[in-house]
Amino acid sequence: MSQTIASRLAAIRSEMAKADLDAFIIPRADEYLGEYVPERNERLHWATGFTGSAGMAIVLKDSATIFIDGRYTVQVRQQVDASQFDYLSLHEVPQIPWLTETLGAGSKIGVDARLHTLAWFEQADAELTKADMSLVSLAENPIDIHWQDRPQLTTAPAILFDADGAGKSSLQKRTEIGAAIAKAGAEVALIAALDSFCWLLNLRGSDVPRLPVILGSALLNANGDMTLFTDLNKLPRGTLDHVGPGVDFKAESELETALSALDGVKLLADPNAANAWSQLTARAAGAKLVAGLDPVALPKAQKNAAELAGMRACHVRDGVAVSRFLAWLDAEVDAGKMHDEATLADKLESFRLQDPLYREPSFDTISAVGANAAMCHYNHNNGTPARMTMNSIYLVDSGAQYLDGTTDVTRTLAIGQVTAEQRKMVTLVLKGHIALDSAHFPKGTTGQQLDAFARQYLWQHGFDYDHGTGHGVGHFLNVHEGPQRIGKNSNGVPLLPGMVVSNEPGYYRADGFGIRLENLVAIQHCAALAGAEREMYEFDALTLIPMDARLIDKTLLTQTEIDWFNHYHARVLATLAPLMTGAELAWLERATQAI
């Protein structure tokens with residue numbers, strides 16, 4: 001018989017009592033601190049019933065509170081028992097100050113240091129110490145002790161990723177990153193991000209949903225030698241030959257021993273990304289922590305020619321699959337068949353599944369009809385999927401993991417007739433998309449500097465959107481790859497040739513409709529500017545899928561914008577037409593007609 005939430009809280013409190021704790025903090029993150037969490041590590045869900053992608057719970061001796069962001073205010077009330085938990089805002093109510101106000105001096109706050117960054121841990125420790133309270137790092141997570149029927153990790157083996165597709169051997173990559181470690185003043189680096197060590201070793205896997213990696217952690221020496229701590233049963237025959245000389249594989253349980261042997265070693269680690277436990281363990285053993293960014297992140301983000309070729313190839317096939325779905329959808333609407341959001345998402349994937357290189361979605365498809373699209377991270381799986389209605393807007397944001405690359409695209413579609421106001425708003429979003437896509441910018445430009453290109457027309461009419469304009473995308477890796485991004489409050493990382501980012505302005509009217517137009521683009525040198533005095537870059541669209549001209553108010557577009565729209569669709573038609581036939585080809589020809 002499965003445990004109730006009340007009995008699970010009682011089990012947590014029993015462990016708190018043994019450790020003399022007044023509170024225990026449960027983040028949504030697992031020990032790898034990535035966006036996606038294997039079912040086995042969904043501790044917040046186990047303790048609360050909450051399935052959202054962000055949140056934190058704090059269990060006290062006689063009460064508990066769950067902190068969630070604005071996306072989940074409805075969902076949390078559906079999933080989390082109000083008799084067991086209070087609800088508070090994740091961002092408006094900082095958790096540590098809340099604890100210092102809620103509990104008295106002398107209180108002890110328990111955490112699993114594997115589930116928090118070092119930066120968070122040290123800031124929390126400092127705040128609690130100031131309030132005469134203490135942060136206690138637990139040797140074992142109370143949830144892990146009591147989780148009956150805990151799901152097992154997948155047994156699927158790692159994938160030996162072809163060096164031709166990767167563009168470089170593992171040895172080349174490790175040698176180059178090793179030199180960067182030495183330049184940072186360190187001897188060894190903790191490579192904690194799953195996609196970083198998989199990229200370094202030209203490995204992929206199936207351990208995490210939506211992210212083709214294996215679980216583990218790695219230590220990379222400045223000379224390029226590397227030890228990966230992982231499930232050794234996942235490594236297929238030929239792995240040692242595949243990764244080349246200088247790589248050891250050890251069980252993940254041996255990581256603590258390795259970290260404890262770093263006395264006197266200068267260890268490069270990212271305090272804002274790697275878990276606190278690993279860095280605290282090394283520091284306690286005498287290692288000298290060198291704070292710095294993951295040395296793999298930037299080289300991984302700058303795709304080489306082979307990686308870009310794979311990205312372009314998969315986007316062509318993805319363009320065919322999504323276009324076939326859009327053709328089917330139009331035919332269904334014409335026939336008066338109104339499907340629900342789940343059916344639509346499954347139908348879209350059915351076209352991608354016909355590609356032998358397709359592996360899985362790159363994130364959970366956002367299939368949103370009508371007012372549901374006004375929630376920009378809506379998930380139809382969190383309730384009863386809504387059904388399309390005539391004379392409405394449908395938004396579908398989806399992506400795929402292929403063996404040669406990763407895709408992410410959003411299209412906003414007319415279901416029957418739409419209003420003039422809706423066409424106006426879609427057109428303002430399109431104008432921003434075109435402005436960003438058409439931008440030329442000098443070397444050193446950051447995503448923060450470009451963000452306003454996409455928002456300017458919405459701003460001029462008094463509108464905006466609350467998400468970033470663009471995120472990085474990996475090569476058969478993380479669909480939300482750092483460090484590059486485009487946003488109002490982005491980081492200081494310059495956009496560089498080879499990076500792939502999304503261009504996805506949107507608009508969301510609460511209880512009304514939602515709009516987003518998203519392409520992936522590659523950053524490349526701009527050769528067309530005659531007489532340029534600086535090294536200039538531009539974007540090149542990878543996504544080749546029609547945008548719905550029925551939603552466009554042509555009177556709001558300049559001739560230059562009309563030319564962009566028509567040129568883009570001419571390129572879509574020229575690229576996809578040879579791969580489509582019959583009614584689907586006829587649909588493509590109609591969908592890409594010049595406006």
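For the numbers below, each heavy atom of this structure counts, side chains included, while hydrogens, waters and symmetry mates do not.
Applying the salt bridge (Lys or Arg N to Asp or Glu O under 4.0 Å) rule to K300 yields the partners D195, E481; only residues at least two apart in sequence or on another chain are considered. With sequence neighbours left out, the salt bridge (Lys or Arg N to Asp or Glu O under 4.0 Å) criterion links D270 to no other residue. Every salt bridge (Lys or Arg N to Asp or Glu O under 4.0 Å) that R509 has, sequence neighbours left out, goes to E421. Judged as a salt bridge (Lys or Arg N to Asp or Glu O under 4.0 Å), and not counting sequence neighbours, the contacts of R317 are D355, D404.
Within the 4.5 Å cutoff, no side-chain heavy atoms of V74 are placed close to those of M375. Inter-residue side-chain proximity for V479 and R210 is flagged as unmet; no heavy-atom pair is nearer than 4.5 Å. Taking the side chain as every heavy atom from C-beta outward, I366 and S398 never approach each other to under 4.5 Å. Looking only at side-chain heavy atoms (C-beta outward), L517 and T410 stay at 4.5 Å or farther from each other. Proximity of N391 to V418: side-chain heavy atoms (C-beta onward) are nowhere separated by under 4.5 Å. Contact of the L344 side chain with the M388 side chain is registered, since non-hydrogen atoms from C-beta on lie closer than 4.5 Å.
Under the 3.5 Å distance criterion, the side-chain polar atoms of Y36 are left unmatched by any main-chain donor or acceptor of F363. Side chain of Y568 to main chain of I545: a donor-acceptor pair is present (N/O by atom type, distance under 3.5 Å, no hydrogens or angles). Side chain of T543 to backbone of L520: a donor-acceptor contact under 3.5 angstrom is found. Although no hydrogens or angles enter the test, the distance criterion places no donor-acceptor pair under 3.5 Å between the side chain of N275 and the main chain of L115. The main-chain N or O of V320 is never found under 3.5 Å from a side-chain atom of S323 such that the two would form a donor-acceptor pair. Here the side chain of Q456 pairs a donor or acceptor atom with the backbone of F453 at under 3.5 angstrom. Panel note: side chain R43, backbone P27; no donor-acceptor pair is recorded below 3.5 Å. Distance alone, capped at 3.5 Å, is enough to place a donor-acceptor pair between the K303 side chain and the A301 backbone. Side-chain atoms of R40 come within 3.5 Å of backbone N or O of P151 as a donor-acceptor pair. The main-chain N or O of T343 is never found under 3.5 Å from a side-chain atom of H380 such that the two would form a donor-acceptor pair.
Atom NE2 of H440 sits about 5.0 Å away from atom CG of L529, to the nearest 0.5 Å. With values rounded to the nearest 0.5 angstrom, T469 atom OG1 is found 4.0 Å from R455 atom CZ. We find the NE2-CG distance between H471 and N503 to be 10.5 Å, quoted to the nearest 0.5 Å. Atom-to-atom distance recorded for T65:OG1 and L60:CG is 6.0 Å, nearest 0.5 angstrom. To the nearest 0.5 Å, the span separating CG on N381 from OG on S367 amounts to 9.5 Å. Separation of atoms CG (L194) and CG (N478) is listed at 9.0 Å; rounding is to 0.5 Å.
Of all heavy-atom pairs between A577 and L588, the closest is N-CD2, 3.7 Å. Across all non-hydrogen atoms, the minimal contact from N566 to A594 is OD1-CA, 3.2 Å.
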- Determine, step by step, whether T412 and L551 satisfy the side chain to side chain contact (heavy atoms under 4.5 Å, CB included) criterion, reporting the C-alpha distance in whole Å, the side-chain angles of both residues, the deciding distance to 0.1 Å, and the verdict. CA-CA 8 Å; T412 303; L551 285 166; 4.1 Å; yes
- Message: Quick one, T592 with R571, criterion side-chain hydrogen bond (donor to acceptor under 3.5 Å, both in side chains). Give me CA distance, side-chain angles, the key distance, then yes/no.
- Response: CA-CA 9 Å; T592 55; R571 185 180 169 196; over 6 Å; no
- Task: Output, in order, the C-alpha distance, side-chain angles, deciding distance and verdict of ring-ring contact (aromatic ring centres under 6.0 Å, His included) for F50 and Y72.
- Result: CA-CA 9 Å; F50 178 65; Y72 298 117; 5.3 Å; yes
- Task: Would you please test D408 and S502 for side-chain hydrogen bond (donor to acceptor under 3.5 Å, both in side chains) and show each step?
- Result: CA-CA 8 Å; D408 180 2; S502 64; 5.4 Å; no
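When the shell of 6.0 Å around CD of Q524 is examined, it contains more than 12 heavy atoms from other residues, nucleotides or ligands. Surrounding CD of Q460 are more than 12 heavy atoms belonging to other residues, nucleotides or ligands, all under 6.0 Å away. Within 6.0 Å of NE2 on H567 lie no more than 12 heavy atoms contributed by other residues, nucleotides or ligands.
Judged by distance alone, the side chains of R359 and S206 never bring a donor and an acceptor atom under 3.5 Å apart. Using a 3.5 Å distance cut-off with no hydrogens or angles, the side chains of N272 and T117 do not pair a donor with an acceptor. Judged purely by distance below 3.5 Å, without hydrogens or angles, the side chains of Q448 and T446 never pair a donor atom with an acceptor atom. Side-chain atoms of Q401 and S362 include no donor-acceptor pair closer than 3.5 Å. For the 3.5 Å distance criterion, the side chains of T427 and D553 fail to qualify, holding no donor opposite an acceptor. Under 3.5 Å, the side chains of N41 and R28 contain no donor-acceptor pair of N or O atoms.
Pairs passing the salt bridge (charged side-chain N to carboxylate O under 4.0 Å, His left out) check and including a residue from residues 367-383, sequence neighbours excluded, do not occur. For residues 77-92, no pair satisfies salt bridge (charged side-chain N to carboxylate O under 4.0 Å, His left out), with sequence neighbours left out. For residues 378-403, the salt bridge (charged side-chain N to carboxylate O under 4.0 Å, His left out) pairs, not counting sequence neighbours, are D397-R516. Among pairs with a residue in residues 330-349, those fulfilling ring-ring contact (aromatic ring centres under 6.0 Å, His included) read W328-H339, at least two apart in sequence or across chains. Contacts classified as ring-ring contact (aromatic ring centres under 6.0 Å, His included) and involving residues 394-434 (residues at least two apart or in different chains) are given here: Y358-Y402, H433-W564. Legend: ring-ring contact (aromatic ring centres under 6.0 Å, His included) pairs involving residues 571-595, not counting sequence neighbours: none detected. Residues in residues 326-350 take part in these salt bridge (charged side-chain N to carboxylate O under 4.0 Å, His left out) pairs, two or more places apart or across chains: D330-R550.
Ring geometry, Y465 versus H467: the interplanar angle falls from 30° to 60°, so the pair is classed tilted. Ring-plane geometry between W98 and F67 is classed as perpendicular, the angle between the planes exceeding 60 degrees on a 0 to 90 degree scale with a lower cut at 30.
Ring centers of Y507 and Y457: at least 6.0 Å apart, outside the cut-off.
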Mind listing the side-chain donor-acceptor pairs of residues 489-499 below 3.5 Å, one per line with the distance, residues two or more places apart or on another chain?
{"unit_1": "S490", "atom_1": "OG", "unit_2": "R485", "atom_2": "O", "d": "3.2"}
{"unit_1": "N491", "atom_1": "OD1", "unit_2": "V493", "atom_2": "N", "d": "3.2"}
{"unit_1": "N491", "atom_1": "ND2", "unit_2": "P483", "atom_2": "O", "d": "2.8"}

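Here the rule is side chain to side chain donor-acceptor pair (under 3.5 Å) with T51, and of Q78, Q75, H45 only Q75 fits it.
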